[in-house]
Amino acid sequence: MARHLITSALPYINGIKHLGNMVGSMLPADVYSRYLRQRGHDVLYICATDEHGTPAELAAKEQGLPVDEFCAQAHDAQKAVYDGFALAFDYFGRSSSAENRDITQHFARKLNENGFIEERAIRQVYSPTDGRFLPDRYVEGTCPHCGYDKARGDQCENCTRVLDPTDLINPRSAISGSTDLEVRETKHLFLLQSKLENEVREWVARHDKDWPQLASSIAHKWLTEGLHDRAITRDLDWGVPVPADTWPELAAEGKVFYVWFDAPIEYLGATKEWADQDPENRDWKSWWYDVDTDVRYTQFMAKDNVPFHTVMFPATELGVREPWKKVDFVKAFNWLTYYGGKFSTSQKRGVFTDQALEILPADYWRYFLIANAPESDDSSFTWEHFTATVNKDLADTLGNFVNRVLSFSRKRFGDDVPAGGEPGEAETRLGEEIARLLAEYEEHMEALQFRKAAAALRALWSAGNSYLEEKAPWLEIKTDKDGAALTLRTAMNLIHLYSVVSEPFIPATAKTMREAFSLADDTTAWVTPESAKSLTSVPAGTPFTVPPVLFAKLTDEDLETYKERFGGQEG
């Protein structure tokens, strides 16, 4: 049985992320990791904060903090939110770690030894006032295309056109605001991706049949346009330093590696951080080095990250000429929009993950986001859709089923699971239906088709309601007490089954459902379709309790409150 290595795109350090970021990488990776663990697989789920680059320095400057202190605080703040969403990382690291520094420098040295790094002189904006060269995001000005006066030197946020700092009208330093800027010559390291293009092309082609169309098409688009040599260093105070033993002149000038170069290497770095916490029992290289057939590596990301993971980082890995593990499956997502418009961290448009947890517990969000994951195309978040989904699927279909079964049974039969008679035709049909739906659920989870998996899970919950409506124990008890007891016992076994198979989606609720039954040794990790047919995991006589309401229904007043706070109109 292959071991499963899972990573999700690293969230950037400058601020709490929005719901689109959550559903585009970390949450589906968590759902899949939980599912695999329940099925008995050896899983390592790794993520980290992406902490280098100009936005980190600028955000630290805005808060008046040293950049290292800012990143440490921001890392802890993000980690607290992800804990709130019950993301079960095996390790959540930091790209500013010593481990990532060492591995990044090793990769750079090997690429240089193999002839894939070249030192080149380029012309770059220099600020005499600041006494330094200004990387692209450190230059602001007016966009020559749309006239937006806060465009950055890499891109205009208003019209999204890609820019060069020298394109800007009335450019100024983002550090001091000085307009006294010059263009001077400086040296940087370039990764010669053009020399690796054919190898990358052949590697991508080997995955054409396996990867989702979204990931494959983006990779081929970049390859069709050709791989260009790219600068991998910047003039910044914060980053992985260029090693002095290989490039003494550049190191003396304080050059650091560009964030796009070191960030993907942090997948390895974070794994080493994890291993370094318990070196006697953890071997990070056993997941990454010379393990091509022993480890299945799955990456999760939104579509904007696909080029870095399917083209640029593979080029780096190929160029070092060492047997580092490369991704087997890229699960790429489209955008989750907010009323048809983009979520925006900088413009604070949409719902952010910390705000979401202030409003409702994590399971409400986890289920809605995965059930509406933007897999085949973009999907839109609206408060109307969110409210309807919570009320129909979570409150009515699952929550109401659990509450009325347990409440009615306690009222009529006491605090133990009733015995009743032997299962009949209705129970046999139910068992067959549950087995069929569970097999469908497993199939979709194995294929990483999350919306389809959520639909199958919802159908499992609905099957319990259909059974309850057919048997109607509230009527049955008037003429056949043993029959009503059988119906309730069967329904309680369904609740236990739901607690097991729903855990990847709604872990806190699943735990509450399972703990409703005082089973002496409940170690059930998963329920196979075949074993699900019998519905006998909770025997008669088992004590149970009625948990609080699992999911509160959202009212029209709630809807209006949310829309007033966050806005609710077409973007």
Side-chain angles (χ1 to χ4, degrees), residues 363 393-435 437-438 457-503 506 508-553:
D363 281 359
D393 295 356
L394 297 177
D396 289 344
T397 304
L398 178 62
N400 187 47
F401 175 79
V402 172
N403 183 264
R404 63 176 176 163
V405 166
L406 297 180
S407 296
F408 184 73
S409 186
R410 184 176 65 178
K411 179 179 179 181
R412 303 307 295 265
F413 293 99
D415 294 330
D416 295 338
V417 175
E422 293 299 314
E425 181 181 345
E427 287 68 40
T428 299
R429 287 199 312 272
L430 175 64
E432 294 289 342
E433 177 70 356
I434 293 297
L437 291 171
L438 187 52
L457 181 61
R458 182 169 57 246
L460 279 164
W461 300 340
S462 294
N465 283 277
S466 297
Y467 169 74
L468 207 61
E469 292 301 318
E470 176 189 352
K471 293 295 295 290
W474 49 90
L475 299 177
E476 193 177 20
I477 197 169
K478 297 177 181 179
T479 57
D480 184 358
K481 189 173 183 179
D482 282 349
L486 166 65
T487 299
L488 293 169
R489 188 181 82 232
T490 302
M492 290 187 195
N493 273 280
L494 270 181
I495 293 171
H496 185 267
L497 181 144
Y498 295 161
S499 76
V500 176
V501 302
S502 303
E503 193 267 347
I506 46 173
T509 306
K511 185 173 184 286
T512 298
M513 287 192 288
R514 185 180 287 226
E515 291 177 348
F517 302 101
S518 300
L519 292 169
D521 188 23
D522 186 7
T523 58
T524 306
W526 192 251
V527 184
T528 65
E530 187 60 34
S531 63
K533 292 180 181 179
S534 63
L535 295 172
T536 56
S537 58
V538 182
T542 301
F544 71 90
T545 58
V546 181
V549 173
L550 297 182
F551 296 98
K553 293 194 75 166

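If you take CG on N465 and CG on L460, they are separated by 12.0 Å, rounding to the nearest 0.5 Å. Taken to the nearest 0.5 Å, the CG atom of D415 stands 12.5 Å off from the OG1 atom of T542. Rounding to the nearest 0.5 angstrom, the gap separating the NZ atom in K411 from the CZ atom in F408 is 7.5 Å. Interatomic distance, K553 NZ to N400 CG, rounded to the nearest 0.5 Å: 8.0 Å. Note: T397 OG1 to D393 CG = 5.5 Å, rounded to the nearest 0.5 Å. If you take CD1 on I495 and CG on L535, they are separated by 11.5 Å, rounding to the nearest 0.5 Å.
Annotation: R404, atom CZ; neighbour count of heavy atoms from other residues, nucleotides and ligands within 6.0 Å is above 12.
Considering all non-hydrogen atoms of both residues, I434 and A532 come closest at CG2-CB, 4.0 Å. Contact record, V501 with W526: CA-CZ3, 3.8 Å, taken as the closest heavy-atom pair. The two atoms that bring S502 and L457 nearest to each other are OG-CD1, 3.5 Å, heavy atoms only. Closest approach of P547 and L406 over heavy atoms only: CD-CD1, 3.6 Å. Smallest separation of non-hydrogen atoms from S531 and V527: OG-CG1, 3.6 Å. Among all heavy-atom pairs drawn from I506 and W461, the shortest one is CD1-CZ2, 3.9 Å.
Contact check on E427 versus K471 returns a salt bridge, with a Lys/Arg side-chain nitrogen under 4.0 Å from an Asp/Glu carboxylate oxygen. A salt bridge between R429 and E433 is absent, with no side-chain N of the basic residue lying under 4.0 Å from a carboxylate O of the acidic one.
Without hydrogens or angle criteria, T490 side chain to L486 main chain gives a donor-acceptor distance under 3.5 Å. Looking only at distances, a side-chain donor or acceptor of D363 sits under 3.5 Å from a matching main-chain atom of A508. In this structure, the side chain of Y498 engages the main chain of G464 through a donor-acceptor pair within 3.5 Å. In this structure, the side chain of R514 engages the main chain of T524 through a donor-acceptor pair within 3.5 Å. Under the 3.5 Å distance criterion, the side-chain polar atoms of S409 are left unmatched by any main-chain donor or acceptor of V405. Using modelled atom types, one side-chain atom of N493 and one backbone atom of V538 make a donor-acceptor pair closer than 3.5 Å.
Here the side chains of F401 and D396 are not in contact, with every heavy-atom distance at 4.5 Å or above. Counting heavy atoms from C-beta on, the side chains of F544 and S518 never come closer than 4.5 Å. Two residues are said to be in side-chain contact when any heavy atoms from C-beta on lie closer than 4.5 Å; H496 and L519 meet this criterion. The closest side-chain heavy-atom distance from L550 to M513 is below 4.5 Å. Looking only at side-chain heavy atoms (C-beta outward), T509 and F551 come within less than 4.5 Å of each other. Annotation: side chain of F413 is in contact with side chain of L488 (closest heavy-atom distance under 4.5 Å). Using a 4.5 Å heavy-atom cutoff, the side chains of N403 and S407 are in contact.
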| request: Take L468 and W474, measure what side-chain contact (heavy atoms from CB on, under 4.5 Å) needs, and give me the verdict at the end. | output: CA-CA 10 Å; L468 207 61; W474 49 90; 4.1 Å; yes

